[in-house]
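One structure is given below, encoded as structure tokens.
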Amino acid sequence: MGPLERLRIWDDPALRDALDWYLDVAENRRPAKFRIAVTVPTSFDPAIATEGALWAELEQLTPSFLARWEAIRAGAPLPQPVNGPSLLELCRELAYRMLGHCNFCPWNCRVDRCTGIKLGACKLASGARVSTHFHHTGEELFYRGTAGSGTIFFTSCNMRCAFCQNGDISTDKDNGEEVDARTLATMAWVLRREGCHNINWVGGEVVIHLHAIVDAIALLGRGFTPSLAQLARARSTKADRFSFFKEMPEFADYDAGFNAPILWNSNFFMTMESMKILRLLTDVWLPDLKFGPGRCAMTLAKTPWYWQTVTGNIALLSAWRENFTIRHLVMPNHVECCTYPVLNWIAEHVPAAPVNVMAQFHPDNFCDPGSAKYRGKYAEIARQPTPPELEASWQHARKLGLKFETTTFERRNPFTLTAMFGM
Ligand code: SF4
């Protein structure tokens, strides 16, 4: 049993059921999905086929992939990677084709981000920018574990949340450093070999960097080992580079190849096409469900089609039998219009999902009265939620029978604290 699995939080059967695949990959008992995708051959040459033909091929190969995934879940061995193009390269090629008429998210800007002549709502061309990467010890216990979640933090966003708690990263497209796929792969490779329990792709928003991330994952699936120059390049954005982490190659190994669970930590404002690619590469998903079905996504985040997009994508995860947990941040004055409908929807559509009903909202960005950026129209959320608002939210989740207490209250739970040390 490895350090993550020794945590007593796994004694909660609901959590263990919901995250069984993730835990198996984190403990290297199973290969990550990208290791499976590279064993599924494609007869197409991704470099010359039309995009329509590539999508048809992806649709046709997905059932083969899923059948192999099921068999491996049940204990079958991992086949050898194919020598020619595989489903992994098909995913990479499709992500780059999408970049040429960008439809990663529902803004569907249709701009050619390769030329960068016109930019879409996220204001990005083809370059991906990383603000920082590090062992994140602030995520949920089952993600941060004992050694941290291997977090790679991207800049810019496709939503405009007035209260964004990472406003310096999400609203500044030039924050951080531009990185290529090899540098990204290097970051993931180092973090996992230093003991991180997963590779946590997060932003701002991550889907707007889909091409670069899929490219990096494709490298990791093909035996990528960074050069000294790549190691030095990646190190410049490593926030904890002056801390000592022992290198443990065995911690990143399944069947003599690099292994790490891919964690997609996202606002989930993304298209079906992005979802279809990510389904083949993501081992565990972490969607935010922020706003109710009313106008709040528009008034607070300038985001149309929010409710139908995000609930639709989360419902897909359940239909696809994926591992996932949901985050909902309780906002002041938005318990009735956002928190209750969000929790009701979860209870009705994905009742087995572990949920983090989060209390840490604080006024930030355009909602912080102490900031020069403050806008008076956001006065209604320019404070922390009150204890009665939080209690009412948790009480509602309790009444609905949601699986939220282990996740939401783990830091206050002495049982969990003793579990941290495997006692
Ligand atoms: S990622 Fe979304 S916001 Fe950015 S260009 Fe593509 S469709 Fe537009």
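Counting convention: from 1, in listed order, for ligands and their atoms alike.
- For N108, every heavy-atom contact with ligand 1 shorter than 4.0 Å involves the backbone, none the side chain.
- Screening W264, Y143, F142 for a ring pair (Phe, Tyr, Trp, His ring centres under 6.0 Å) involving Y22 leaves a single residue, Y143.
- Contact between R113 and ligand 1 is present, with at least one heavy atom of the residue lying under 4.0 Å from the ligand.
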Before giving the answer on side chain to side chain donor-acceptor pair (under 3.5 Å), spell out for H101 and E51 the whole-Å C-alpha distance, their side-chain angles and the decisive distance to 0.1 Å.
CA-CA 11 Å; H101 52 78; E51 185 177 343; 2.8 Å; yes
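- In the vicinity of I208, heavy-atom distances shorter than 4.0 Å reach the ligand 1 atoms 1 (S).
- C102 SG, 2.3 Å is the protein heavy atom nearest to atom 6 (Fe) of ligand 1.
- Distances below 4.0 Å separate heavy atoms of C105 from the following atoms of ligand 1: 2 (Fe), 3 (S), 7 (S).
- Note: F409 and F404 have perpendicular aromatic rings, judged against thresholds of 30 and 60 degrees for the angle between ring planes.
- Among the atoms of C109, no N, O or S atom is found under 2.8 Å from atom 6 (Fe) of ligand 1.
- Among the backbone and side-chain atoms of C122, an N, O or S atom lies under 2.8 Å from atom 4 (Fe) of ligand 1.
- With respect to Y306, the side-chain contact (heavy atoms from CB on, under 4.5 Å) criterion is satisfied by exactly one of M298, R295, M159: M159.
- The salt bridge (charged side-chain N to carboxylate O under 4.0 Å, His left out) test with D24 singles out one residue from R73, K33, R29, and that residue is R29.
- Proximity of a side-chain donor or acceptor of S266 to a complementary backbone N or O of F268 within less than 3.5 Å is detected.
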